[in-house]
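The analysis underlying the following values was restricted to heavy atoms, covering all of them including side chains, and did not include hydrogens, waters or symmetry mates.
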Amino acid sequence: KNSFISRFISSNYFKPKTILYPQSGFMRSKELTAIIGKSGCGKSTLLQCLAGRKSFGMSGAVWINVYTTHSSHRNFKNLKICYLPQVDFLFDILTIRESFYFAFKIRSLDPKSSSLLISSIIRDLDLEDCQHLCVGRCSGGQRKRLSIGLELLGDPNILMLDEPTSGLDSATAYQLVIKLKKLAQSISKPLAIIASIHQPSAKLLQSFDNLYLLSHYGRRIYFGSYENMISRFKKLGLNCPLYYNPGEFAIEIASGYHGDDKLNELEKEQIQNDPIFEQLSSSFSLKTIVSQMYQNLKFKFSPFYYLLLRTLVMTGRDPILNGLRLAQHIFVALVAVWLYTDKIGTANSCINKELTSLDYLRKQEVMALQNVAFVFFTLLFLAFAAMMPTVMVFHLEISAFSKERNNCWYSCINYYLAKTLADLPFQMTYTIIYVVIGYYGTGQFSEPWRFFAFLTFCVLISLIGQSLGL
């Protein structure tokens, strides 16, 4: 046992692992940059660090120069950084146009330009033919474009995408990259876009302005244009075969198939060709900009109202869940009436003038204890009946909530209040139906104040269960 414990403690499980080694680079507005490399080389981790999503265990600095001719972007407080994960976290029940509508309203954007801006983005992303289709029935490419379009509503300055072409065929992936390049080079609202790419084709790589190549152990071995990449490889005796995909050849080099000594030479060559970065007076650290983005997230009525409306629409479009919850409360109430009979409510187990024998008193005590058991069962059932639907559904929404919250759509208090109040009418209705059947079915006293006191406690217990589920 001791030897097993010592081997377990001395194993690599508890030792820190270096994912990315010291490296540098830059990205400019109006440019599209691709991060390429084999799986597990740190592409997603690098994007999360650049987006400010990951700070634990990271050293170094990311500086953003806010000098621009665009008037709305000159103040660093107006800068917005959006990060889109590899998986598209969307609400399948809503249509594409409804998703745009709620995203626009939740962000409290200018209401005068809502329809024009939404129609413009839908047209630019080629989503006009499917704008009234539910998101759950859309293809992978349409979902990717929808995710990008939802973030474009917030007018971001920097857009980061984690493998946006994964799961798409070559033609759809190429069309998506062309759309991204047009967005980056927009005259009215230019963007700096960076994306990690997995298994890129030669045609796809040519669409990017810059390529950032990571080796299999997390070191940068090339940063520059697509045209200069092949010539850089040739200088070190790495000749790409004729009719061979240069992207796959670059990933083979980064994977160490041609030797780690070549990777070290490429890294040294890249360091020598790196430009000298100077911190300008108009530059601010990424940490400052991200903290400023989150400081603007406070409770506002408009995001709360449209979050509430969106949740009500989604809840109303799920009749199976609502029907099952209603049937559950009715069925359990009838079972409780059948188990506890209709006489337990009249027992009080108190000695009074009507006492005739000890047997009568024992029966009263038994019925009173059954009545207490009924009340305990009722409170326990209502707490778990309110908690479990929230627990079972919330994990499906937590990813979408995290994405929207991290991209500064709304605050946590807005979401919590909207989620709680949206389920309040349904929860109160189910509780009232259960209490009416159970209270009068077990022969409880018919005084109104007793009924409403019992109903109040049941409603409060159900709301506590719902809040615990959240």
Side-chain angles (χ1 to χ4, degrees), residues 27 30-48 50-51 82-90 96 99 121-131 133 135-152 156 158-186 191-214 222-227 229-230 240 243-255 403:
M27 54 187 300
K30 294 187 177 182
E31 288 186 354
L32 182 61
T33 304
I35 301 177
I36 58 176
K38 67 170 295 185
S39 298
C41 67
K43 300 188 296 295
S44 299
T45 303
L46 178 58
L47 276 179
Q48 292 174 5
L50 294 177
C82 289
Y83 170 76
L84 289 177
Q86 180 178 353
V87 181
D88 301 310
F89 299 114
L90 302 168
I96 290 181
S99 300
I121 294 179
I122 289 177
R123 182 176 60 255
D124 293 341
L125 296 176
D126 292 336
L127 294 173
E128 290 182 296
D129 296 336
C130 57
Q131 60 179 316
L133 189 67
V135 176
R137 301 174 60 187
C138 293
S139 64
Q142 292 170 343
R143 293 173 66 92
K144 292 287 184 183
R145 282 176 282 163
L146 173 60
S147 298
I148 297 172
L150 294 178
E151 300 303 329
L152 292 178
I158 301 174
L159 183 61
M160 302 183 181
L161 305 98
D162 189 6
E163 298 191 8
T165 59
S166 296
L168 304 180
D169 58 85
S170 58
T172 306
Y174 178 73
Q175 293 176 359
L176 179 62
V177 172
I178 293 300
K179 291 293 181 183
L180 291 175
K181 190 167 186 177
K182 290 182 179 179
L183 293 173
Q185 298 176 351
S186 174
L191 294 174
I193 302 179
I194 183 170
S196 61
I197 302 296
H198 186 62
Q199 294 181 343
S201 63
K203 186 178 181 181
L204 193 69
L205 287 182
Q206 291 177 353
S207 304
F208 288 90
D209 299 298
N210 294 305
L211 302 179
Y212 196 98
L213 181 59
L214 287 174
Y222 177 75
F223 178 55
S225 63
Y226 171 81
E227 292 76 12
M229 181 178 67
I230 302 300
C240 181
Y243 305 116
Y244 197 77
N245 181 7
E248 294 183 1
F249 181 68
I251 294 179
E252 286 182 2
I253 296 175
S255 301
K403 183 197 72 172

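- Closest heavy-atom contact between I122 and E128: CG2-N, 3.6 Å.
- A pairwise comparison of heavy atoms in S196 and L47 identifies OG-CD1, 3.7 Å as the closest pair.
- Residues meeting the side chain to side chain contact (heavy atoms under 4.5 Å, CB included) test with K203, sequence neighbours left out: Y174, S201.
- Interatomic distance, R143 CZ to L127 CG, rounded to the nearest 0.5 Å: 12.5 Å.
- What you find for C240 and P246 is that their closest heavy atoms are SG-CA, 4.2 Å.
- Between M27 and N210, every side-chain heavy-atom pair lies at or beyond the 4.5 Å cut-off.
- Counting all heavy atoms, side chain and backbone alike, L214 lies closest to C41 at CB-SG, 3.9 Å.
- We find the CG-CD distance between L211 and E227 to be 8.5 Å, quoted to the nearest 0.5 Å.
- Considering only heavy atoms from C-beta on, V135 stays 4.5 Å or farther from D88 through its side chain.
- Side-chain contact between K403 and L84: present, with at least one pair of heavy atoms (C-beta onward) separated by less than 4.5 Å.
- Taken from OG1 in T33 to CG in L180, the straight-line distance is 11.5 Å, to the nearest 0.5 Å.
- The CZ atom of R145 sits 9.0 Å away from the CD1 atom of I148 when rounded to the nearest 0.5 Å.
- You'll find the side chain of Y83 stays beyond 4.5 Å of the side chain of L50, heavy atoms only.
- Taking CG from L146 and CD from E151, the interatomic distance works out to 10.0 Å, rounded to the nearest 0.5 Å.
- Between the side chain of K43 and the backbone N or O of G37 there is at least one donor-acceptor pair closer than 3.5 Å.
- I197 approaches A34 most closely through the heavy-atom pair CG1-CB, 4.0 Å.
- Side-chain contact between L150 and L90 is present, with at least one heavy-atom pair separated by less than 4.5 Å.
- Between the side chain of K181 and the backbone N or O of S207 there is at least one donor-acceptor pair closer than 3.5 Å.
- Contact check for D209 versus Q185: side-chain heavy atoms found under the 4.5 Å cut-off.
- In this structure a side-chain-to-backbone donor-acceptor pair under 3.5 Å is present from K179 to D124.
- Note that CG of L183 and NZ of K30 are 14.0 Å apart. Values are rounded to the nearest 0.5 Å.
- The two atoms that bring G141 and T172 nearest to each other are CA-CG2, 4.0 Å, heavy atoms only.
- The shortest side-chain heavy-atom distance between Y222 and I253 does not fall under the 4.5 Å cut-off.
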- request: Please lay out, stage by stage, how Y212 and I194 fare under the test side-chain contact (heavy atoms from CB on, under 4.5 Å).
  value: CA-CA 10 Å; Y212 196 98; I194 183 170; 5.9 Å; no

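- In this structure, the side chains of I96 and C138 come closer than 4.5 Å at one or more pairs of heavy atoms.
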Working for side-chain contact (heavy atoms from CB on, under 4.5 Å), residues L205 and I36: CA-CA 10 Å; L205 287 182; I36 58 176; 4.2 Å; yes

